[in-house]
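Here is the structure we will look at.
To find a chain, count down the sequence lines: A is the first, B the second, and so on, and within it residues start at 1. Not measured: the values here are computed from a predicted model.
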Amino acid sequence: MKAEELIAKTPNLPVPSPAATRLLQLLAGDDRDNQAIINILKQDGVLSTKVLALCNSAAFELAAPVSSISQAIMYMGYEEVHRLVMAVTFGGALGSNLAGYFIEDGALWRHSLLTALLSQTVVRIVRTSQTDPSVAYTAGLIHDIGKLVVSYALDADKQELIRERVERGGRSLLEAEREVIGADHAEVGACLLRKWKLPEVLVEAVANHHNPPVEPRLELSSIVHVADMIAHEGGSSPGWSSYAVRTNEAVVEAMGLTTDHVEVLIISAYDAALQVDEALSAPV
Amino acid sequence: MGDMLTSNDASANLVTYSLGSCVGVAIYDPIAKVGGLLHAMLPDSTINLDRASKRPFMFVDTGLPAMFHAVYALGGLKHRLIVKLVGGAEFLDEKKIFRIGQRNVEATKAMLERNGVALAASETGGHESRTVRLDLSNGNFSVDIPGKTPFLL
């Protein structure tokens, strides 16, 4: 089956609100000023309320409560507001139980948050990269969004077919998905993002996060690829056969990463996991 | 993760989740009914000695001796300890840049051997992320893999 058909059959997908979509589109441009963000947020009651609530929560330790979005953005900063909007938009769906992969409640959301933080870390380590931290964060956060669709398509029989290919056929999970349902979660995720009219830089990162191109140049997908692998090695590897994935070693070499870098990144993953777990357990 | 548990409470279970390329090492003294469970992420602490002094359990080379000593302090005796090893999953890779799992397993086995400690059982490698549980009442060490029936090692 094609990606579009699989998507059409899946209920409860986290379609971004018009305001969230416009904030995501801002990631691709260089006109990301606070006024534009304020104008967008003001048109979305749910997001405005959540931004104000977070800004007025204990986390920001303000002397007096703020009541306007423009004040909130001043105190929180763009990156924090963007992270909140992403969490409101995708957190629920990515945190659900994905039976097709044997992923328990909350496990994919934790993996997504960890990959988002690690994508920013990888950008810092690969010094030649010009990637904006918020773009890297967002790509890392939604890299597995196609799993929502693929999981729904994987009934018990298809799970068994995938298992057979992975355990006895030496296939990666991604290859097995393509063989059994005709599309893989990376391709389906990219298709979802295009449908939602999100920027091409995110579509590329999601589409290629398991097999990023080296030529003509490294793209954002290379950053997300490494961050995803490190998240797996750093203690967030949700679902069954979650190590049945391939590193694109040409990409890792082109990025100049060595085993020492990988070990340093795994230590970063430990720190990022503490940060994620603290945020997930904080009262809202 | 990057941590260690010990107990001398025979009604306790020591659990660590989603080992992946990390290794889980369980030690149990069936007479004293004390045990420990290490969840180490990396083979060698020389990559970050400062971190190793603060978080010895992140590394096999610093975490293993620290766990053994913690269990001795609870009354465990070296010659009675039953030692089991789980984890060290690997990606489907040809080269070695990401081969952390295999190196974790090798470092653990080498250190145990150098110290004259026999390994009673192990379940390592593969592509699965494993959750393990040590039951201190009887030393049962169970391995849980998503989508499969848990089993005793």
Side-chain angles (χ1 to χ4, degrees), chain A residues 98-104 107 110-111 156 159-160 162-163 166-167 170-175 210 226 228-253 255 257-271 273-274 277, chain B residues 1-3 16-24 39-52 54-63 87-104 107 124-131 144-150:
Chain A
L98 298 183
Y101 289 97
F102 295 94
I103 291 177
E104 293 169 359
R110 184 173 181 272
H111 174 74
Q159 285 166 24
E160 201 44 51
I162 294 226
R163 178 172 302 231
V166 170
E167 289 183 355
R171 306 289 205 285
S172 71
L173 265 182
L174 201 78
E175 291 154 0
H210 280 291
V226 170
D228 185 23
M229 301 306 263
I230 296 292
H232 279 283
E233 302 237 282
S236 167
S237 195
W240 77 279
S241 281
S242 56
Y243 273 68
V245 290
R246 294 182 205 283
T247 314
N248 184 325
E249 294 178 309
V251 163
V252 176
E253 279 171 19
M255 292 168 84
L257 295 176
T258 62
T259 302
D260 277 3
H261 286 119
V262 169
E263 295 199 9
V264 168
L265 279 166
I266 289 174
I267 295 173
S268 310
Y270 174 87
D271 298 335
L274 291 182
D277 290 341
Chain B
M1 181 176 63
D3 211 346
T16 192
Y17 298 92
S18 281
L19 282 166
S21 57
C22 302
V23 281
H39 181 156
M41 305 172 76
L42 290 167
D44 187 345
S45 62
T46 52
I47 190 78
N48 189 334
L49 291 171
D50 176 52
R51 185 57 74 106
K54 291 180 189 132
R55 288 264 164 203
F57 303 116
M58 283 178 80
F59 305 95
V60 170
D61 64 337
T62 45
E90 289 290 351
F91 299 135
L92 300 166
D93 291 354
E94 305 296 324
K95 295 185 191 167
K96 294 191 186 289
I97 296 171
F98 274 86
R99 196 151 287 181
I100 303 294
Q102 186 184 326
R103 290 177 45 227
N104 279 333
T124 60
H127 311 305
E128 304 286 359
S129 188
R130 305 166 174 98
T131 288
D144 197 344
I145 293 172
K148 294 192 174 170
T149 314

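Under the 30°/60° scheme for interplanar angles, the aromatic rings of His232(A) and Phe91(B) are found to stand perpendicular.
Proximity to chain A (any heavy atom under 4.5 Å) is restricted, for Met58(B), to the side chain, taken from C-beta onward. Neither the backbone nor the side chain of Ile103(A) comes within less than 4.5 Å of any heavy atom of chain B. Residue Thr258(A) touches chain B through its backbone alone, counting heavy-atom pairs closer than 4.5 Å.
With respect to the salt-bridge test (charged N to carboxylate O, under 4.0 angstrom), the residues Asp271(A) and Arg55(B) do not qualify. Salt bridge status for Glu263(A) with Arg103(B): present, with a side-chain N to carboxylate O gap under 4.0 Å.
In this structure, CG on Asp277(A) lies 7.0 Å from CE on Met1(B), to the nearest 0.5 angstrom. Going from atom CZ of Phe59(B) over to atom CD1 of Ile267(A) covers 4.0 Å, rounded to the nearest 0.5 Å. The distance from the CD atom of Glu233(A) to the CG atom of Asn104(B) is 8.5 Å, given to the nearest 0.5 Å.
Using modelled atom types and a 3.5 Å distance limit, the side chains of Glu128(B) and Ser242(A) yield no donor-acceptor pair.
For the pair Tyr243(A) (side chain) and Ser21(B) (backbone), a donor-acceptor distance under 3.5 Å is present. When atom types are taken as modelled, the side chain of Asp93(B) and the backbone of Arg246(A) share no donor-acceptor pair closer than 3.5 angstrom.
Within the 4.5 Å cutoff, the side chain of Phe102(A) has no heavy atoms near those of the Ile145(B) side chain. Residues Tyr270(A) and Arg51(B) meet the side-chain proximity criterion, which asks for heavy atoms closer than 4.5 Å.
Of the listed residues (Asn48(B), Leu19(B), Ile100(B)), the greatest number of heavy-atom pairs within a distance under 4.5 Å of chain A belongs to Ile100(B). Of the residues considered (Ser236(A), Ala273(A), Gly239(A)), Gly239(A) shows the highest number of contacts with chain B, using heavy-atom pairs under 4.5 Å. Among His261(A), Glu104(A), Arg163(A), the residue making the largest number of heavy-atom pairs under 4.5 Å with chain B is Arg163(A). Interface check for chain A: of the options Cys22(B), Ala89(B), Ser18(B), the most heavy-atom pairs under 4.5 Å are formed by Ala89(B). Interface summary for chain B: among Ile230(A), Val166(A), Val245(A), the most heavy-atom pairs under 4.5 angstrom belong to Val245(A).
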Run the numbers on Arg99(B) and Glu249(A) for salt bridge (charged side-chain N to carboxylate O under 4.0 Å, His left out), then give the verdict. CA-CA 12 Å; Arg99(B) 196 151 287 181; Glu249(A) 294 178 309; over 6 Å; no
